[in-house]
Visitor: 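Please find one structure pasted underneath; my questions will follow.
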Amino acid sequence: YYFKYFVHDEGSARYALSIKSAAGLLIIPSWVYVTKLTGKRGAWFTATGWALVGLAIFSLLDIRDVVGASLMFLFLHVAILGLNMTYWSMLPDTV
């Protein structure tokens with residue numbers, strides 16, 4: 001949607017999604033390392049802070065080029081993976 005209506009290059013969306021998916025192979029082990037250093041709660045707050053910063057940047061900037069949009073979504077993907085990983089690792093602890 002964003003690439004089609006804001007960037008006006010719908011074909012580039014597949015490359016951005018591919019890069020984002022492939023980056024997960026490096027991002028997840030990085031979050032595991034952060035979790036080992038700071039604990040699950042610390043990793044959760046780190047990912048939350050990362051997401052808030054990313055959303056603030058995204059709301060303040062008018063990103064209309066392919067590279068900028070791809071980098072912005074990759075930045076947000078790092079936070080989302082951290083939030084998802086820590087959520088699903090903390091859920092069994094509370095149950």
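Computed from heavy atoms alone, side chains included, the values below leave out hydrogens, waters and symmetry copies.
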Visitor: Rounded to the nearest 0.5 Å, how far does CH2 of W31 lie from CE of M85?
Guide: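 Rounded to the nearest 0.5 Å, the CE-CH2 separation comes out at 7.5 Å.
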Visitor: In this structure, would I28 and L26 fall into the same cluster of hydrophobic residues linked by side-chain contacts under 4.5 Å?
Guide: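 Different clusters.
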Visitor: About how many Å separate CZ of R14 and CD1 of I19, when rounded to the nearest 0.5 Å?
Guide: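 If I round to the nearest 0.5 Å, the distance is 12.5 Å.
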Visitor: Which pair of non-hydrogen atoms, one from G82 and one from A47, has the smallest distance, and what is that distance?
Guide: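 That closest heavy-atom pairing would be C-CB, 3.7 Å.
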Visitor: Donor-acceptor pair, distance only, cut-off 3.5 Å: does the side chain of S21 make one with the backbone of S18?
Guide: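 Not at all, since once roles are kept as given, no pair shorter than 3.5 Å links the two residues.
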Visitor: Verify the cluster assignment for L76 and W44: are they in a single hydrophobic cluster under the rule of side-chain heavy atoms below 4.5 Å apart?
Guide: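 Unlinked, L76 and W44 end up in two clusters.
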Visitor: Would you find a donor on one side and an acceptor on the other, under 3.5 Å apart, between the side chain of T38 and the backbone of A43?
Guide: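 Side chain of T38 to backbone of A43: a pair is present.
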Visitor: Between atom CG of L60 and atom CD1 of I57, what is the distance when rounded to the nearest 0.5 Å?
Guide: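 Rounded to the nearest 0.5 Å, the CG-CD1 separation comes out at 8.0 Å.
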Visitor: Given the rule that I, L, V, M, F, W and Y join up when any side-chain heavy atoms are under 4.5 Å apart, are L81 and V78 in one cluster?
Guide: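 L81 clusters together with V78.
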Visitor: Determine the minimum heavy-atom distance between P92 and S89, stating which atoms define it.
Guide: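 Closest approach of P92 to S89: CD-O, 3.6 Å.
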Visitor: Are L71 and L61 connected in the hydrophobic side-chain network, where two residues link if heavy atoms are under 4.5 Å apart?
Guide: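 Different hydrophobic clusters.
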Visitor: Are V34 and I27 connected, step by step, through hydrophobic side chains (Ile, Leu, Val, Met, Phe, Trp, Tyr) whose heavy atoms are closer than 4.5 Å?
Guide: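 Yes: a chain of side-chain contacts under 4.5 Å links V34 to I27.
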Visitor: List the steps and the verdict of side chain to side chain contact (heavy atoms under 4.5 Å, CB included) for S70 and V66.
Guide: CA-CA 6 Å; S70 298; V66 174; 4.1 Å; yes
Visitor: Donor-acceptor pair, distance only, cut-off 3.5 Å: does the side chain of K20 make one with the backbone of F73?
Guide: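 No, K20 side chain to F73 backbone: no donor-acceptor pair under 3.5 Å.
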Visitor: With side chain to side chain contact (heavy atoms under 4.5 Å, CB included) as the criterion, how do K36 and V32 come out once you've worked through the C-alpha distance, each side chain's angles and the decisive distance to 0.1 Å?
Guide: CA-CA 6 Å; K36 287 181 181 180; V32 171; 4.0 Å; yes
Visitor: Within the structure provided, determine whether D65 and V7 are in side-chain contact (heavy-atom separation under 4.5 Å).
Guide: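 Not touching, per the 4.5 Å side-chain cut-off.
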Visitor: Check the pair W50 / F45 against side chain to side chain contact (heavy atoms under 4.5 Å, CB included), numbers first and verdict last.
Guide: CA-CA 8 Å; W50 190 288; F45 284 125; over 6 Å; no
Visitor: From Y2 OH over to S12 OG, what is the distance, rounded to the nearest 0.5 angstrom?
Guide: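 The OG atom of S12 is 13.0 Å from OH of Y2, to the nearest 0.5 Å.
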Visitor: List the steps and the verdict of side chain to side chain contact (heavy atoms under 4.5 Å, CB included) for Y1 and K4.
Guide: CA-CA 5 Å; Y1 178 87; K4 182 176 183 178; 5.9 Å; no
Visitor: Give me the atom names and distance for the closest heavy-atom approach of A16 to F3.
Guide: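 For A16 and F3, the tightest heavy-atom pair comes out as CB-CZ, 3.6 Å.
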Visitor: Looking at CZ of R64 and NE2 of H8, how far apart are the two atoms once the value is rounded to the nearest 0.5 Å?
Guide: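 Nearest 0.5 Å value for the CZ-NE2 distance: 6.0 Å.
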Visitor: Specify the closest pair of heavy atoms between F58 and I63, including all atoms of both residues, with the distance to one decimal.
Guide: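 The pair with the smallest heavy-atom distance is CD1-CD1, 4.2 Å.
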Visitor: Taking atom CG of L83 and atom OG1 of T46, what is their separation to the nearest 0.5 Å?
Guide: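 With rounding to 0.5 Å, CG (L83) is 10.0 Å from OG1 (T46).
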